[in-house]
K.L.:
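Just dropping this structure here.
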4 protein chains.
Amino acid sequence: MADPRIQRSPGASAGAGIRPARKLGRPPQVKAHDTRRRLLDIARGVYAERGYEAATNKEIADLAFMTTAALYYHFPSKRDLYLAVHDDARDQVYTRFEEVLDTSQSFADQFLTILMATHDLNEEDPTLAQFLAAARTDMKRRMDLQQALLERASHRDQFFERIIDAGVRSGEIAPENRALVQVFITAVIAGMTDALSDDQSIHLRAIEAVRAALAGDLVQPPKTRRKRAS
Amino acid sequence: MADPRIQRSPGASAGAGIRPARKLGRPPQVKAHDTRRRLLDIARGVYAERGYEAATNKEIADLAFMTTAALYYHFPSKRDLYLAVHDDARDQVYTRFEEVLDTSQSFADQFLTILMATHDLNEEDPTLAQFLAAARTDMKRRMDLQQALLERASHRDQFFERIIDAGVRSGEIAPENRALVQVFITAVIAGMTDALSDDQSIHLRAIEAVRAALAGDLVQPPKTRRKRAS
Amino acid sequence: MADPRIQRSPGASAGAGIRPARKLGRPPQVKAHDTRRRLLDIARGVYAERGYEAATNKEIADLAFMTTAALYYHFPSKRDLYLAVHDDARDQVYTRFEEVLDTSQSFADQFLTILMATHDLNEEDPTLAQFLAAARTDMKRRMDLQQALLERASHRDQFFERIIDAGVRSGEIAPENRALVQVFITAVIAGMTDALSDDQSIHLRAIEAVRAALAGDLVQPPKTRRKRAS
Amino acid sequence: MADPRIQRSPGASAGAGIRPARKLGRPPQVKAHDTRRRLLDIARGVYAERGYEAATNKEIADLAFMTTAALYYHFPSKRDLYLAVHDDARDQVYTRFEEVLDTSQSFADQFLTILMATHDLNEEDPTLAQFLAAARTDMKRRMDLQQALLERASHRDQFFERIIDAGVRSGEIAPENRALVQVFITAVIAGMTDALSDDQSIHLRAIEAVRAALAGDLVQPPKTRRKRAS
DNA sequence: TATGAATGAGATTTCATTCAT
DNA sequence: TATGAATGAAATCTCATTCAT
């Protein structure tokens with residue numbers, strides 16, 4: 001009763017998700033709060049696996065050992081549940097990003113640190129990346145979910161903006177390359193999340209590839225093998 | 001070649017296209033092949049916009065000014081229509097790729113040529129990229145669509161394999177970097193398709209960024225080591 | 001016991017029962033068990049009248065003053081509803097058979113008692129016989145209903161086997177006639193159910209005919225040989 | 001071309017049906033006539049197997065190597081095709097009955113001769129009995145098919161009426177047993193067609209049982225073994 | 001806080017039928 | 001005589017949501 005640990009149904013394949021410790025002041029409606037937490041985690045897995053349309057309240061409710069009617073006590077609609085899951089997932093990711101960010105590093109190292117953080121998160125709970133990848137698609141599709149996409153995009157942009165700013169200040173990024181770096185980051189993060197997050201070893205290799213690319217070591221100019229650093 | 005894309009009335013979000021009442025029986029002067037082609041194009045757009053689950057036969061049929069029953073004359077099921085659209089889209093893309101490929105170019109140039117081809121295709125018909133991006137997600141979700149995914153993946157892998165091989169032979173790609181280049185390509189193509197193909201100018205900028213990254217010019221090592229290899 | 005059969009308005013042939021608009025949500029004072037019982041009775045009538053294929057969920061739901069969706073709350077599919085009706089009907093019949101069976105009677109009397117029981121059942125609820133007659137045909141047609149047919153056949157065979165056994169023991173049935181009596185019973189029961197159960201007075205006459213046939217009094221050898229065996 | 005033999009598609013399981021030789025005067029629309037004949041035979045098999053509702057024009061057309069549209073050249077509707085099949089089947093049966101009927105026989109022998117004729121017909125083309133059994137059910141179900149049922153019933157009743165009349169005249173049937181014999185015949189014919197015609201050896205046994213029943217030999221009175229003939 | 005029993009809207013699919021060719 | 005390309009009506013089933021309990 002006092003333990004807020006999430007109970008997951010045995011069949012639920014979705015990862016448990018590391019929750020940041022919540023401070024427990026007075027325990028009003030503790031149960032409701034816990035149930036909500038459990039629903040968010042379960043729903044994330046289902047949405048990740050099936051997508052917004054194909055996910056059904058019934059499957060989520062079943063995994064939570066409830067009826068669909070009970071869902072409506074905690075969330076006023078499917079849409080609201082989805083958005084709540086989305087906000088929760090986004091918070092988890094950016095909270096982690098903030099935690100691992102070391103502003104004293106070089107731009108490239110900071111970026112790679114972030115990529116490693118996504119790797120670690122994926123290890124801890126694969127549904128996070130899966131959900132966020134799926135959400136990109138789902139949000140585009142449903143007008144009623146778009147608003148959340150916009151918030152999220154700005155969230156992300158602001159975050160990477162800071163890193164890029166630092167890179168520009170330190171001289172790593174030529175000012176005229178600012179915009180290029182930004183789309184590069186966007187493409188790489190999206191691509192890795194969407195196409196590679198299913199296989200952790202490939203995901204890791206992709207991080208290595210990005211490191212090489214940023215270092216200019218991925219490919220050499222042809223012919224006149226401009227040997228660098230000798 | 002620049003086919004006349006179906007015009008969707010702006011307000012028409014779903015199922016709005018009202019079919020003008022037509023009489024029973026065979027319509028005059030209509031050939032199945034043309035209708036099939038039209039359906040593929042229309043369906044591609046709808047699948048791209050809504051995804052497999054959310055797309056309805058009704059919307060597709062409405063846009064083609066038919067009944068849903070008529071759809072079933074041309075395709076035996078929703079799934080078959082989807083797969084037909086998929087094969088058609090894939091063929092269009094790889095046909096174009098083959099057309100523009102110049103094997104005498106350097107690896108980087110070949111890769112960039114391919115990226116430019118995606119850009120051009122996107123210009124001619126944005127639904128192609130949108131559909132293929134959406135398909136990546138949809139296929140993951142539906143077991144019954146997976147088989148087609150596998151074919152497609154191998155198709156893509158083989159294509160880029162050839163370019164990479166050429167790069168290795170020419171010395172641009174160090175043999176030990178082979179695998180890195182491959183995941184890099186996968187991530188970049190997926191990321192650009194999924195996250196950037198909605199805005200052509202940003203898409204173009206991403207191509208520029210990739211060029212810079214391959215040339216080692218996107219970022220510089222921090223601080224002092226400004227001049228590389230000279 | 002004489003359950004209040006559902007009244008179908010005479011003109012209502014199919015789908016005519018218009019459900020009075022009821023509000024959303026749970027209706028007050030309704031229990032699933034009662035609804036289920038009502039559905040079984042209504043569905044039996046509809047299946048009897050139309051057969052499995054031609055019977056529609058809509059007609060059943062209309063007669064029960066529900067939506068078709070509500071049907072699915074009680075039975076997971078049309079097939080399941082049908083089989084439930086079948087099991088229910090079979091149980092009603094054989095329960096009655098067991099009730100009226102008097103093993104101290106002669107074989108002929110036991111058989112006639114059973115026939116009278118079918119007559120009484122038909123009086124109380126004609127849909128029972130009608131359904132079971134129709135089911136014989138429907139089951140042959142649909143592979144997916146066959147399994148239930150097998151169970152039922154064995155049920156019936158076992159029941160009559162017992163009566164026949166008794167007849168053999170008492171000497172009424174010559175051991176070599178065992179198999180003949182068995183097919184005779186099958187044919188007569190099936191024939192009476194299928195062809196005569198629509199008219200109770202004819203049905204009664206058929207019972208009388210069977211009594212006469214078993215007593216050897218239905219027909220006499222032709223012409224002179226009036227006294228048999230001389 | 002000159003051979004009017006019915007071509008049956010390899011998959012068509014339905015028996016070929018013995019057609020009485022048609023006299024071929026001038027051959028106007030010979031092909032249409034043959035096609036019609038072929039369709040009747042094929043349709044009979046399909047209706048027998050699936051029943052009226054579940055049988056589709058498509059299946060019939062496929063087996064006849066045609067399109068459904070072509071069906072409509074020969075029969076104006078599904079209903080008409082069905083009724084045509086029915087009339088044809090009935091004619092085949094009663095034609096055979098007339099052929100085998102020997103009015104000099106005793107009533108019992110005439111009846112058994114008829115039963116043997118059904119057995120032979122079943123041997124030659126099982127779809128005949130299957131169709132007629134199924135038709136009994138289908139006709140009851142569809143108001144629009146009822147009319148044909150009535151005709152058929154009277155047809156049958158008249159036929160057996162004649163045999164029974166002869167039995168009454170010869171003294172085999174007591175005048176007061178007339179009605180009993182009639183329902184007995186109806187029940188037995190129906191029961192054998194519906195429940196036993198799938199297995200020829202059981203069907204034969206049923207004929208034997210009827211013979212025994214009519215002879216008063218199927219069962220003996222219990223106990224006081226009223227030994228007849230003493 | 002949750003369940004139980006429903007609704008209404010809509011999806012995919014099937015099928016008899018039509019009419020130009 | 002037949003095919004080809006459609007229609008319209010309906011059927012089964014699913015699902016988000018509701019409201020009494």
Side-chain angles (χ1 to χ4, degrees), chain A residues 29 31-32 35 53-59 61 64-74 76-79 81, chain B residues 14-15 19 21-32 34-36 53-59 61 65-74 76-79 81, chain C residues 14-15 19 21-36 53-59 61 65-79 81, chain D residues 29 31-32 35 53-59 61 64-74 76-79 81:
Chain A
Q29 300 115 312
K31 260 178 39 192
T35 304
E53 302 279 346
T56 66
N57 287 347
K58 180 104 188 7
E59 180 172 4
F65 296 111
M66 300 180 160
T67 61
T68 58
L71 240 61
Y72 281 80
Y73 182 83
H74 297 279
S77 74
K78 186 184 183 184
R79 181 176 167 280
L81 172 55
Chain B
R19 196 166 37 83
R22 210 205 281 130
K23 272 180 290 181
L24 273 183
R26 181 187 200 180
Q29 321 276 58
V30 168
K31 263 168 209 160
D34 299 346
T35 306
R36 205 187 130 90
E53 306 273 352
T56 68
N57 291 342
K58 179 113 189 4
E59 181 174 5
F65 297 110
M66 316 178 141
T67 60
T68 57
L71 268 187
Y72 281 79
Y73 180 75
H74 298 277
S77 73
K78 185 183 182 183
R79 185 175 167 280
L81 173 54
Chain C
R19 195 166 37 83
R22 209 205 282 129
K23 273 180 290 181
L24 273 181
R26 179 187 202 180
Q29 320 278 60
V30 169
K31 264 171 210 159
H33 186 268
D34 298 347
T35 306
R36 207 186 129 90
E53 305 273 351
T56 68
N57 291 342
K58 178 112 189 2
E59 181 174 3
F65 297 109
M66 320 177 138
T67 59
T68 57
L71 270 187
Y72 282 80
Y73 180 77
H74 298 277
F75 299 94
S77 74
K78 185 183 181 182
R79 185 174 167 280
L81 172 54
Chain D
Q29 302 114 310
K31 270 202 356 220
T35 304
E53 302 278 348
T56 67
N57 287 347
K58 180 104 188 4
E59 180 171 5
F65 296 113
M66 299 179 160
T67 60
T68 59
L71 240 61
Y72 281 79
Y73 181 82
H74 299 278
S77 74
K78 185 183 183 183
R79 181 176 168 281
L81 172 54

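All chains are named by letter (A, B, ...) in the order of the sequence lines, taking the proteins before the strands, and each is independently numbered beginning at 1. Worth saying up front: this structure is predicted, and the values here are computed from it rather than measured.
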K.L.:
On DNA chain F, nearest-nucleotide positions of A/Pro76 versus D/Met66: which is more 5'?
P.N.:
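It is D/Met66, whose closest nucleotide lies nearer the 5' terminus.
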K.L.:
Pick the nucleotide of DNA chain E nearest each of D/Tyr72 and B/Tyr72; which residue has the one closer to the 5' end?
P.N.:
B/Tyr72
K.L.:
Searching all strands shown, indicate the nucleotide that pairs with E/dG10 (Watson-Crick or G-U wobble; both distances under 3.5 Å).
P.N.:
F/dC13
K.L.:
Using a 4.0 Å heavy-atom cut-off, does B/Thr56 contact any base of the nucleic acid, only the sugar-phosphate backbone, or nothing at all?
P.N.:
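Sugar-phosphate contact only - B/Thr56 comes under 4.0 Å of backbone atoms but never of a base.
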K.L.:
Under 4.0 Å between a side-chain N or O of C/His74 and OP1 or OP2 of E/dG4?
P.N.:
no
K.L.:
Classify A/Thr68 by what it touches in the nucleic acid, base, sugar-phosphate, or nothing, heavy-atom distance under 4.0 Å.
P.N.:
base
K.L.:
Among the candidates E/dT13, E/dC15, F/dT18, find the nucleotide nearest to the side-chain atoms of B/Ala69.
P.N.:
E/dC15
K.L.:
What is the distance, to the nearest angstrom, from the NE2 atom on C/His33 to the C1' atom on E/dG4?
P.N.:
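These atoms are roughly 16 Å apart.
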K.L.:
Scan A/Ala55 against the nucleic acid and name what it touches under 4.0 Å (heavy atoms): base, sugar-phosphate only, or nothing.
P.N.:
sugar-phosphate
K.L.:
Looking only at the side chain of C/Asn57 (C-beta and beyond, no hydrogens), which of the listed nucleotides F/dC13, F/dT7, E/dA2 gets closest?
P.N.:
F/dC13
K.L.:
Any idea which heavy atoms bring A/Leu71 and A/Met66 closest together, and the distance?
P.N.:
CD1-SD, 4.4 Å
K.L.:
Taking all atoms of both residues into account, what is the closest heavy-atom pair of D/Tyr72 and D/Lys78, and its distance?
P.N.:
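Closest heavy-atom pair between D/Tyr72 and D/Lys78: OH-N, 4.4 Å.
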K.L.:
Of C/Ala70 and B/Arg79, whose closest DNA chain E nucleotide lies nearer the 5' terminus?
P.N.:
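Per heavy-atom nearest nucleotide, the more 5' residue is C/Ala70.
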K.L.:
Please compare C/Lys78 and B/Tyr73 by the position of their nearest nucleotide in DNA chain F and report the one closer to 5'.
P.N.:
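Its nearest nucleotide lies further toward 5', so the answer is B/Tyr73.
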K.L.:
Give the minimum heavy-atom separation between C/His74 and C/Arg36, together with the two atoms involved.
P.N.:
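Result for this residue pair: O-NH1, 4.1 Å.
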K.L.:
Suppose you measure atom P in E/dT1 against the same atom in F/dT21; what distance do you get, rounded to whole Å?
P.N.:
22 Å
K.L.:
Roughly how many Å is it from CG in A/Leu71 to C1' in E/dT1, rounded to a whole number?
P.N.:
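Atom-to-atom, A/Leu71 to E/dT1, this comes out as 13 Å.
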K.L.:
Rounded to the nearest Å, what distance is computed from the NZ atom of residue B/Lys58 to the P atom of nucleotide F/dG8?
P.N.:
12 Å
K.L.:
What is the distance from CG of A/Leu81 to P of F/dC15, rounded to the nearest Å?
P.N.:
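Taking CG of A/Leu81 and P of F/dC15, I get 16 Å after rounding.
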K.L.:
Roughly how many Å is it from CD in D/Glu53 to P in F/dT12, rounded to a whole number?
P.N.:
11 Å
K.L.:
Taking pairing as Watson-Crick or G-U wobble with both contacts under 3.5 Å, can you name the mate of F/dT21, or confirm there isn't one?
P.N.:
E/dA2
